[in-house]
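Numbering of ligands and ligand atoms starts at 1, following listing order. Just so it is clear, the model here is predicted, and its values are computed rather than measured.
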Amino acid sequence: MIEIAIDGTAASGKGTLAKKLSLKYKFPYLDTGLMYRMVAYDLIYQKKKYSSNLELESCKTAKKIDFQQSENIQLRSEEIAELASKIASFPDLREILNSQQIEFAKKNKKKYGGCILDGRDIGTKILPNANFKFFINASVEIRAKRRLLEKNISFLHENDEKCMLQSLIIEINKRDVSDVKRKVSPLVPAEDAFIIDTSLIDANELLSIVTNIIEGSSKKSD
Ligand code: DC
């Protein structure tokens, strides 16, 4: 049975890689960042974003959410991203989400022979014995450009575009710092992860590098 763990920075291409691998190998995949985003979204919706006990509120919220994933464009906003990064530092919330992620891996390995999870602590904490671990990164400028393209805004003047790009760079940098510096499960590559920089390659080139590693590997599945 195969476990594939993908970690990396925001907008590095890890989510697209996970989706492409899932299609190729027919293993279900879980975007664990989306789980933190779903909790953040519900907190905002319930007007609890500024609660004096945000950790308790986020745990209560997480326990009520059905994490069956559906893509919701609103979950991709910068406001949600910022709150998701903040609540991701709460150990009790992480415990709740971690157990769901581990359960997902167990269930799908049994049913489909494999699973793919992407996030920040998959190779270090959730699937420490994964058959394959990848850590995906790219320069902050490139990642901000990708985020801007995703927003699909075609009417920007050059100066507006520069301004938006600059603010995305600042936001992504802020999130990197908070993900890397937090005490619980900080964003660090697992010792046995393949580290890949996607600054100069596109999604298909990344897929090809990763599948070459997987298919050329002498590692045995159990
Ligand atoms: O991958 P993303 O941008 O959707 O993740 C949103 C936030 O969730 C990110 O700032 C870090 C956090 N996160 C985490 O701490 N651990 C994970 N396994 C996944 C995401």
Taking N or O atoms only and a 3.5 Å limit, does [X] qualify as a polar contact for ligand 1?
X: Arg175; answer: yes
X: Gln101; answer: no
X: Arg182; answer: yes

[X] with [Y]: basic N within carboxylate O range, under 4.0 Å:
X: Glu3; Y: Lys109; value: yes
X: Arg120; Y: Asp7; value: no
X: Glu79; Y: Lys49; value: yes

Numbering the atoms of ligand 1 from 1, which are under 4.0 Å from a heavy atom of [X]?
X: Ala88; answer: 12 (C), 15 (O)
X: Asp179; answer: 9 (C), 10 (O), 11 (C)
X: Lys14; answer: 1 (O)
X: Arg37; answer: 2 (P), 3 (O), 4 (O), 6 (C)
X: Thr32; answer: 17 (C), 18 (N), 19 (C)

Could you tell me whether [X] atom [atom1] has more than 12 heavy atoms of other residues or ligands within 6.0 Å of it?
X: Lys48; atom1: NZ; value: yes
X: Glu150; atom1: CD; value: yes
X: Tyr112; atom1: OH; value: no

- prompt: Looking at ligand 1, does Arg94 have a heavy atom less than 4.0 Å from it?
  reply: yes
Quiz: residues 163-176 side-chain donor-acceptor pairs under 3.5 angstrom, not counting sequence neighbours:
residue: Ser167; atom: OG; partner: Met164; partner atom: O; Å: 3.2
residue: Asp176; atom: OD1; partner: Arg143; partner atom: NH1; Å: 3.3
residue: Asp176; atom: OD2; partner: Arg143; partner atom: NH2; Å: 2.7

Closest to atom 7 (C) of ligand 1 among protein heavy atoms sits Ala84 CB, 3.9 Å
shortest atom 20 (C) of ligand 1-to-protein heavy-atom contact is with Gly33 CA, 3.5 Å
Checking heavy atoms under 4.0 Å, the part of Arg120 that sits near ligand 1 is both
Extract all donor-acceptor atom pairs below 3.5 Å that involve side chains of residues 198-207 and protein atoms in other chains or at least two apart in sequence.
residue: Thr198; atom: OG1; partner: Ser12; partner atom: O; Å: 2.8
residue: Thr198; atom: OG1; partner: Asn137; partner atom: O; Å: 3.3
residue: Thr198; atom: OG1; partner: Arg146; partner atom: NH1; Å: 3.2
residue: Thr198; atom: OG1; partner: Arg146; partner atom: NH2; Å: 3.4
residue: Ser199; atom: OG; partner: Ser139; partner atom: N; Å: 2.9
residue: Ser199; atom: OG; partner: Asp197; partner atom: OD1; Å: 2.6
residue: Asp202; atom: OD1; partner: Asn204; partner atom: N; Å: 3.1
residue: Asp202; atom: OD1; partner: Glu205; partner atom: N; Å: 2.9
residue: Asn204; atom: OD1; partner: Lys20; partner atom: NZ; Å: 3.0
residue: Glu205; atom: OE1; partner: Asp202; partner atom: N; Å: 2.8

